[in-house]
Every structure is written in C-alpha cells, then in structure tokens.
Protein chains: 2
Amino acid sequence: MANLTLRQLRYFEALAQHRHFGRAAEACAISQPALSVQIKDLEETLGTGLFERSPRQVRLTSFGEAFAERVRDILRAVDELDDFARSAKDRLTGRFRLGVIPTIAPYLLPAVIGKLTRSHPALDLHVRETLTPRLVHELLQGQLDTAIVALPVAEPALIETPLFSENFVLVRPDSDAQKPVPAGDELRNMRLLLLEEGHCFRDQTLAFCNAPSAVPRDGLDGSSLSTLVQMVGAGIGVTIIPEMAVDVETRSANVCCSRFEHPQPERTIGMIWRKSSPLGDAFAEVAEVVRLSFQSL
Amino acid sequence: MANLTLRQLRYFEALAQHRHFGRAAEACAISQPALSVQIKDLEETLGTGLFERSPRQVRLTSFGEAFAERVRDILRAVDELDDFARSAKDRLTGRFRLGVIPTIAPYLLPAVIGKLTRSHPALDLHVRETLTPRLVHELLQGQLDTAIVALPVAEPALIETPLFSENFVLVRPDSDAQKPVPAGDELRNMRLLLLEEGHCFRDQTLAFCNAPSAVPRDGLDGSSLSTLVQMVGAGIGVTIIPEMAVDVETRSANVCCSRFEHPQPERTIGMIWRKSSPLGDAFAEVAEVVRLSFQSL
DNA sequence: GGTTTGCCATAAATAAAAGTTATCAGAACA
DNA sequence: TGTTCTGATAACTTTTATTTATGGCAAACC
C-alpha cells in the first residue's frame with residue numbers, strides 16, 4: 001500500500017472544492033486522468049471512498065468531508081512552513097549565539113547589540129562572555145554560532161574574519177603625565193599591572209614588552225581592565241589597555257593615557273565561526289555590523 | 001524549484017533525530033545517497049541550509065531547529081489523518097443522514113437509534129421524517145444518505161434492499177370485536193379512515209380494498225395512524241394499520257385489532273440509497289441493524 | 001428512441017522522480 | 001602517511017506520475 005503524499009492531498013483539496021474532475025485537474029495544471037488516478041490511489045491508500053461519483057456530479061462522502069477539514073489544516077501548515085523558510089532565507093533569524101572576550105565585550109557590545117537588534121529584529125541574540133579558548137571550544141562544540149576575539153586563533157575548523165585593528169595605550173597616574181613614554185622593553189622594569197592569566201590581552205601586552213609570558217608575578221594581576229585602571233589611579237603601578245577601553249575606563253580615574261611610539265602595540269579583532277556552517281554569508285553580514293559598530297565608537 | 005514533499009519532511013525528521021546520514025538513511029530504509037540527495041533538494045527548495053555538515057558530526061542550524069519543530073507537528077497531523085482514515089475504514093462514521101416515512105418512524109426508530117448508537121458510537125445520526133417522494137428527492141440530491149421506506153420505489157439511481165414484510169391489521173371499536181372480519185372489498189362499504197394523500201400506506205390500503213386511489217373522500221383523512229386509531233375509538237369508523245404500530249397505537253384506545261384472512265394485506269419495508277455511493281457496504285450493515293430492530297419489536 | 005454530449009475511468013506510452021551501487025574527497029585518527 | 005569514517009557525486013535502474021488516446025455510461029436533446 002502506497003503512502004500518503006502531499007501531492008495527493010493537494011489534488012484532493014482541489015477536487016473537494018471544484019467537485020468536478022476536469023476543472024479540478026485544470027486548477028492543478030494537470031490532465032484529468034492524472035487527477036483521477038491520484039484520487040483513486042488516495043482512496044485505495046486510505047481504504048475508504050472519499051468521493052461519490054454520480055453521472056452528473058461529484059460529491060464528497062461524509063467521511064470525505066471530515067477528511068477535507070483535516071487536509072486543509074495540514075496543507076495550510078505546510079504552506080506556512082514554506083513561507084517560514086522563505087522568509088528566513090539568507091537573512092539571519094532565530095537564535096544567534098555570540099561569544100565575546102572580556103577585553104572587548106564591555107566596550108563594543110552596547111553598540112553591536114543596538115545595531116543588530118535594529119537591523120535584525122527577528123534575532124534571538126544570546127551573548128556569552130569568556131576567554132578565547134573556551135569560546136573556541138564552545139564554537140567547535142556547536143554551543144556558539146560565532147565569536148568576537150583577537151586574531152589569530154589558528155583553529156583549522158574555523159574561519160577568521162578580521163574586523164579592525166586597534167592600538168594599545170599606556171595608562172599612568174596623572175602625576176606621570178609629563179614624563180616621557182617608555183618603550184616596550186622599559187616597561188619590564190616598571191610595576192606593570194596585567195590581567196590574570198588566560199586573557200589573550202595579557203599575552204599580547206607581555207609580548208610587546210618582550211617578556212616571557214610565564215614570568216612569576218607578585219599578585220598584581222587584575223581581573224578586568226577596569227580594575228587595572230583603578231589600581232593605576234591608586235598609584236600602584238602602570239598598565240596598558242586597548243584603545244576602545246579608554247573612554248569608558250579612564251573617564252573617572254585620575255590617570256592619563258599615552259600612545260607608544262614607533263612600534264605601537266596593537267591587536268587585530270575578528271570574528272570566527274565554523275567553516276562548516278552554512279550560515280557563513282549571514283555571519284559575514286554580522287561581522288560588518290560589528291566593524292561599523294567599532295568605527296562609530 | 002521543486003515542491004516540498006512529505007517524503008522529504010520524513011527524511012529530514014529522521015536526520016534531525018539521528019544527526020548522521022548513514023543511520024538516518026537506515027532508519028528510513030533507503031540508501032545513504034538517496035537521503036543525501038533528498039535533504040539537499042529540500043534545502044535547495046527552501047533556499048536555506050538546514051544542517052551543518054562538519055567532518056565528525058551533523059548538526060541542525062538554528063533555522064533547522066525551528067523548522068524541525070514545525071515539521072514534527074505536520075508529520076504528526078498527517079499520521080493522525082492516516083489513522084483517522086484507517087479507523088473509519090468500512091465502518092460508518094461521521095454524519096449519517098437517515099430518512100424515514102411517517103408510518104414507520106414512530107414505531108421502528110426508537111429501537112434503530114438505540115441499536116445504532118450502541119454499535120456505531122462515532123456516528124453523528126440525523127433523522128428526517130417525511131413522505132417517500134420527498135425522501136427520494138433528497139436522496140438523489142445528496143441531502144440524505146439512506147432512507148427507510150416501503151418498497152418498491154423504482155428509481156433507477158437507487159438501490160433497494162428489502163428488510164422485512166409486515167401485515168396490515170383491521171382496527172375496529174371494541175364493540176365490533178365479535179363481528180366477522182370483512183374482506184378487502186367489503187371495506188369499501190364501511191367508513192374506512194385513511195391517512196392523507198401522499199402517504200404510501202394510504203395507497204397500499206386502498207389497493208387492498210380494490211378502490212381507486214383518487215376516490216373522493218368525505219374529510220375523514222387523518223394525519224397520522226395515531227389520529228386514525230383515536231377516531232376509531234371514538235366510533236367514527238374503522239381503519240387499517242401496519243402491525244408494527246399495533247402495540248403503540250392501540251394500547252390506550254378502546255379498539256380491537258383483527259387480522260385479515262387469506263389474502264393478507266402487507267407491505268415490504270426496505271432501505272434505499274444511491275447506487276453511486278461508495279458506502280454501500282456500510283449502509284448494508286445499517287440495513288441489517290434495522291432488520292434486527294424490527295425483529296426485536 | 002436514437003443520437004449527442006458531458007464526464008469520469010482505463011490503457012499504453014512517455015516523462016519525471018527516487019532509489020541503488022560504485023566511487024570520490026575531506027578530515028580525523030593512529 | 002596510510003586508514004577509517006562520513007557525506008557528496010555520478011551513472012544507471014526502478015518506480016511513480018503524467019500525457020494522449022480511447023471507452024463507457026447516463027443524461028439531455030432533438
């Protein structure tokens with residue numbers, strides 16, 4: 001016994017409406033015999049008559065009428081499914097899980113979220129803020145869709161899309177404002193406050209100072225850039241923060257910021273996602289939104 | 001672009017569950033390439049990716065997940081439709097419109113309705129009581145499914161199924177109880193009370209009396225057997241009623257019933273329905289129920 | 001009362017769709 | 001570096017759907 005097909009249900013509905021094989025067939029854009037055969041097959045599959053063919057007119061049986069009601073519901077649901085897909089085509093819709101590292105999130109996310117919810121109202125945005133290795137792991141596990149991190153990540157299963165580069169700046173107490181800006185190497189001899197281990201920004205800073213990343217430290221690590229700047233304001237030492245953090249973090253502390261000379265330290269921020277994701281194009285759009293968000297900071 | 005098919009949705013659901021082409025294909029009892037192709041076609045039809053194929057695992061995209069929910073609903077509805085049809089197979093279900101003539105309805109229907117609702121609980125029974133020509137007309141128009149009438153009807157588009165025959169009995173005032181039972185011809189000379197024109201029972205009675213059916217009458221026609229019997233009780237005349245009406249109609253009136261001799265008048269009751277109806281078998285079952293109802297009167 | 005007409009069913013042939021087997025290609029794993 | 005796992009692709013076959021042509025039946029029409 002054959003299976004029910006949507007085609008049969010569509011033909012059935014047409015015939016139920018027109019009550020005439022020829023006209024129903026025309027409405028389905030097929031020949032009358034094709035319709036006859038399909039209806040007959042449907043009736044056989046069901047094991048019940050749906051129509052009563054009398055010489056002058058075609059009528060639904062009482063079962064056929066009950067059947068028609070259900071069929072209408074199903075066909076409507078299928079059409080809606082189709083529309084649903086078509087409306088989601090290319091555009092990003094539904095759940096979207098975005099990871100961000102802690103040295104970016106507080107500064108970039110407000111703008112990103114604003115732009116994104118405006119440009120993609122149907123988006124169900126989830127944000128995860130944690131360190132790069134964990135983001136990468138969750139990305140590979142499929143628990144995240146994309147992440148905003150410092151490049152490179154060098155994970156073969158991921159695509160990296162560079163968004164922008166930004167310099168790092170030196171943060172010193174106000175009192176040091178007139179002193180010359182030290183070079184990277186010289187920072188090693190100053191009390192340089194750093195983020196805790198695990199933050200990529202810590203490693204980038206140490207690299208700039210030509211210091212081994214595993215150098216033993218004396219308990220001066222902060223858990224956030226905000227903390228570091230507060231510590232600088234308190235005269236405990238100096239620190240380095242990315243440019244995007246300057247406005248937010250140094251507004252209220254009595255510290256001053258200075259650019260480095262010649263070899264300016266910098267990082268490249270980018271978005272990453274699984275190579276295998278079929279939503280690459282949509283993600284690239286989001287990447288562009290993020291890039292614009294940075295520009296408008 | 002091709003159309004959505006139930007087959008594709010079924011395969012999609014399997015793959016969404018197994019997240020593995022090989023195993024999903026096995027579950028669908030097809031080869032892995034067949035599944036791959038169908039899924040690909042589905043994605044093309046929709047214009048969106050549903051699955052993310054990474055080397056080690058197959059994942060639903062976020063759209064795919066939303067899609068899957070709707071698909072499950074649809075497939076469930078289709079399966080229910082299937083069950084619905086299978087459960088209605090052969091058995092009579094849903095609306096059932098039964099016509100009955102007035103000289104049968106009051107006596108037979110209580111038993112028929114009782115038996116029918118017990119044997120076919122899912123039946124939505126509608127009863128129409130009117131004269132034979134109108135029943136036949138409504139049957140031909142598709143406004144009724146079957147009717148219980150006196151045979152023959154001789155309408156080529158209808159099937160007649162005889163159910164049983166019953167005799168007619170003479171109803172006289174109690175005072176006449178000892179008088180001999182007149183023959184049919186003799187009734188013409190008595191005050192014979194009849195139903196109004198249009199009732200087949202009137203014609204059958206007149207035929208028994210060898211009287212022309214269009215004989216002018218003196219305003220003694222009753223609109224129901226019940227009325228006729230009451231009139232007999234009042235001494236206005238005599239009448240003839242079918243056997244099945246005896247118990248109900250003569251219980252409280254002071255009348256007596258007598259069988260005729262030798263050529264006993266009788267009528268054949270049968271069920272009729274459209275030849276073209278595919279529910280003939282189910283109707284035949286109902287006919288049997290009606291026959292049994294008569295036997296148990 | 002034949003004949004025409006409208007309408008659905010059936011048959012044979014053709015076109016389209018779905019399935020099969022065989023094979024490839026990429027990534028993971030050892 | 002092969003080996004394994006897994007999905008995609010290709011060539012071919014089978015099944016399903018559709019078309020054109022035709023038949024049959026009953027109503028409607030001279």
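Throughout, protein chains are lettered first and strands after them, A, B, ... in sequence-line order, and every chain is numbered starting at 1. Reckoned from all heavy atoms, side chains included, excluding hydrogens, waters and symmetry mates.
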Checklist entry - For D:dA8, does either OP1 or OP2 sit under 4.0 Å from a side-chain N or O belonging to B:Ser36? => result yes

Checklist entry - Under 4.0 Å between a side-chain N/O of B:Ser31 and OP1 or OP2 of C:dG19, yes or no? => result no

Nearest-Å distance for atom pair [atom1]/[atom2], residues [X] and [N]:
{"X": "B:Arg53", "N": "D:dC5", "atom1": "CZ", "atom2": "C1'", "result": "17 Å"}
{"X": "A:Leu6", "N": "C:dA17", "atom1": "CG", "atom2": "C1'", "result": "15 Å"}
{"X": "B:Leu42", "N": "D:dA8", "atom1": "CG", "atom2": "P", "result": "13 Å"}
{"X": "B:Asp41", "N": "D:dA8", "atom1": "CG", "atom2": "P", "result": "12 Å"}
{"X": "B:Gln57", "N": "D:dT4", "atom1": "CD", "atom2": "P", "result": "23 Å"}
{"X": "B:Leu140", "N": "D:dA27", "atom1": "CG", "atom2": "P", "result": "10 Å"}
{"X": "B:Gln38", "N": "C:dG19", "atom1": "CD", "atom2": "C1'", "result": "9 Å"}
{"X": "A:Phe51", "N": "C:dC8", "atom1": "CZ", "atom2": "C1'", "result": "13 Å"}

Next on the checklist: Short of 4.0 Å, heavy atom to strand atom, which residues of residues 15-27 of chain B count as contacting DNA chain D?
Outcome noted: B:His20, B:Phe21, B:Gly22

From C-beta outward on [X], which listed nucleotide comes closest to its side chain: [options]?
{"X": "B:Arg7", "options": "C:dA18, C:dC8, D:dA17", "value": "C:dA18"}
{"X": "A:Ala34", "options": "D:dA17, C:dC8, D:dT19", "value": "D:dT19"}
{"X": "A:Lys40", "options": "C:dA18, C:dC8, C:dT10", "value": "C:dT10"}
{"X": "A:Ile30", "options": "C:dG19, D:dG7, D:dT18", "value": "D:dT18"}

Next on the checklist: One pair to check against salt bridge (charged side-chain N to carboxylate O under 4.0 Å, His left out): B:Glu43 and B:Lys40. What are the steps and the verdict?
Outcome noted: CA-CA 5 Å; B:Glu43 288 180 325; B:Lys40 202 181 128 212; over 6 Å; no

Checklist entry - Which letter, B, S or -, goes with each nucleotide of nucleotides 22-30 of chain C from 5' to 3', with contact meaning a protein heavy atom under 4.0 Å? => result B----SS--

Checklist entry - Are A:Phe63 and B:Phe84 close enough that their ring centres sit under 6.0 Å apart? => result yes

Listed once per pair and sorted, the salt bridge (Lys or Arg N to Asp or Glu O under 4.0 Å) pairs that draw on [range], sequence neighbours left out:
{"range": "residues 137-149 of chain B", "value": "B:Arg97-B:Asp145, B:Arg128-B:Glu138, B:Arg134-B:Glu138"}
{"range": "residues 65-77 of chain B", "value": "A:Arg95-B:Glu65, B:Asp73-B:Arg76, B:Arg76-B:Glu80"}
{"range": "residues 7-29 of chain B", "value": "B:Arg10-B:Asp79"}

Checklist entry - Can you name the residues that form a side-chain hydrogen bond (donor to acceptor under 3.5 Å, both in side chains) with A:Gln204, not counting sequence neighbours? => result none

Checklist entry - Who passes salt bridge (Lys or Arg N to Asp or Glu O under 4.0 Å) against B:Asp124, sequence neighbours left out? => result none

Next on the checklist: Which residues pass the side-chain contact (heavy atoms from CB on, under 4.5 Å) test with A:Glu52, not counting sequence neighbours?
Outcome noted: A:Arg59, B:Arg274, B:Ser276, B:Ser277, B:Pro278

Next on the checklist: The criterion is side-chain contact (heavy atoms from CB on, under 4.5 Å); which residues satisfy it with A:Ala27, sequence neighbours excluded?
Outcome noted: A:His18

Checklist entry - If you look at every strand shown and take non-hydrogen atoms under 4.0 Å, does A:Tyr11 touch a base, only sugar-phosphate, or nothing? => result sugar-phosphate

Checklist entry - Do B:Arg202 and B:Glu196 pass the salt bridge (charged side-chain N to carboxylate O under 4.0 Å, His left out) test, and can you show the C-alpha distance, the side-chain angles, and the key distance before you say yes or no? => result CA-CA 7 Å; B:Arg202 170 197 172 101; B:Glu196 295 157 342; over 6 Å; no

